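Not measured: the values here are computed from a predicted model. Index from 1, following the sequence. Each ligand, and each atom within it, is numbered from 1 in the order the structure gives.
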Amino acid sequence: MTLSKAFLAQLFGLIIAIGLNPFLPLQNSGLVTLLILQSSGAMFSSLLLRQPRWWLMIHLLFLPSAATLLSIQLSAHWYLLILILLTLVFWGTIKGDVPLFLSSTAVVDAVSQLITKESAQHFAELGAGIGTVSVPLAQQHPQLIINAWERAPLPWAINLLRSRHYPNSHCYRSNLWSCDFNQYDVIFAFLSPAVMPELGAKLKSTMRPGSLLISSSFAIPNWKPESIKQLNDIAKTQLFCYRITEANEQ
Ligand SMILES: C[S@@+](CC[C@H](N)C(=O)[O-])C[C@H]1O[C@@H](n2cnc3c(N)ncnc32)[C@H](O)[C@@H]1O
């Protein structure tokens with residue numbers, strides 16, 4: 001669905017550009033004008049198709065970037081290499097998985113403090129990326145057993161490599177939805193608003209009462225956080241901390 005909408009937006013942009021081109025004064029009807037019309041048309045169509053806002057930038061830049069790259073006549077091998085690398089990093093994104101964004105060191109410090117405060121022994125990171133959070137935590141808390149779940153092959157491999165000196169850290173190349181949430185004292189997730197309702201429902205029924213869920217940047221709808229930590233990093237990250245209660249009622 002996501003991909004079909006993106007394709008449609010690009011196609012409508014093209015139709016708009018070709019349709020408007022004959023009405024432009026002759027001196028304005030060059031390739032650059034066509035590209036501006038197409039990318040603005042694609043952006044506008046994306047809005048009408050109700051794609052998430054971050055798609056607007058992709059539509060704005062897509063055809064102009066393709067035209068620029070074509071003009072510098074790179075060897076086709078580079079495109080293949082870039083495609084393979086992007087696929088390995090953004091593995092399930094096309095099917096709706098969350099893309100890779102990295103947490104700041106302020107997030108790591110705040111999570112580290114919460115782990116100490118909770119006297120946690122078992123910690124899970126859902127969607128661990130390249131280990132931006134799990135690796136420093138493994139170093140700072142050698143007694144803490146860390147399970148990092150990551151589905152995309154390249155970030156997982158980097159995480160595995162970075163964790164090799166820390167026997168307390170385990171990286172699983174696996175879907176986070178198959179994780180057994182019940183065994184952890186603290187779970188950390190930095191995902192996306194789109195998955196929060198499903199994550200909340202899953203955690204509500206499977207996390208151990210008394211355990212703590214830390215969600216970076218995105219709240220779980222209709223859940224009342226025990227606390228919200230406002231961090232002073234560039235993204236002004238908020239950490240939503242949810243205590244799982246006996247009845248798992250929020
Ligand atoms: C926003 S990034 C966060 C990375 C890391 N946790 C951090 O804070 O720096 C989300 C990560 O979740 C991974 N991911 C998304 N959906 C997943 C799934 N269903 N199972 C496992 N990992 C997933 C993505 O590949 C990506 O690396």
- Item | Approximate separation, where rounding is to 0.5 Å, of C241 SG and L212 CG |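 Answer for the SG-CG pair, C241 versus L212, is 5.5 Å.
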
Show the atoms of ligand 1 that are less than 4.0 angstrom away from any heavy atom in [X].
X: A128; answer: 5 (C), 6 (N)
X: L102; answer: 9 (O)
X: L100; answer: 2 (S), 26 (C), 27 (O)
X: E125; answer: 5 (C), 6 (N), 7 (C), 8 (O)
X: N175; answer: 18 (C), 19 (N), 20 (N)
X: T132; answer: 9 (O)
X: V133; answer: 8 (O)

Test item, [X] contacting ligand 1 (heavy atom, 4.0 angstrom):
X: S174; value: yes
X: P99; value: yes
X: P155; value: no

- Heavy-atom pair with the smallest gap, counting every atom of L191 and L126: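 Scanning both residues completely, I find the closest heavy atoms to be CD2-O, 3.7 Å.
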
- Message: Pairs of nitrogen or oxygen atoms closer than 3.5 Å, one from A152 and one from ligand 1: do any exist?
- Response: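 N/O-N/O distance under 3.5 Å: no.
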
- Polar-atom distance check: G127 versus ligand 1, any N or O pair below 3.5 Å?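 It does: an N or O of G127 is found under 3.5 Å from an N or O of ligand 1.
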
- Taking atom CD of Q230 as the centre, report whether more than 12 heavy atoms of other residues, nucleotides or ligands fall under 6.0 Å from it.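 Enclosed.
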
- Query: Do other residues, nucleotides or ligands put more than 12 heavy atoms under 6.0 Å from the CD1 atom of I234?
  - Reply: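 Open.
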
- Task: Mark yes or no: R173 above the aromatic ring of W149, with NZ or CZ under 6.0 Å from the six-membered ring centre and no more than 45 degrees from the axis.
- Result: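 No, a cation-pi geometry is absent between R173 and W149.
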
- Look at the aromatic rings of Y242 and W223 and report parallel, tilted or perpendicular, splitting at 30° and 60°.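 Rings of Y242 and W223: perpendicular, over 60°.
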
- Task: Go through the steps for N159 and S163 under the test side-chain hydrogen bond (donor to acceptor under 3.5 Å, both in side chains), then give the verdict.
- Result: CA-CA 6 Å; N159 194 346; S163 308; 3.1 Å; yes

- Message: If the condition is side-chain hydrogen bond (donor to acceptor under 3.5 Å, both in side chains), which residues does E150 pass it with, not counting sequence neighbours?
- Response: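 In terms of side-chain hydrogen bond (donor to acceptor under 3.5 Å, both in side chains), with neighbours along the sequence ignored, E150 is linked to no residue.
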
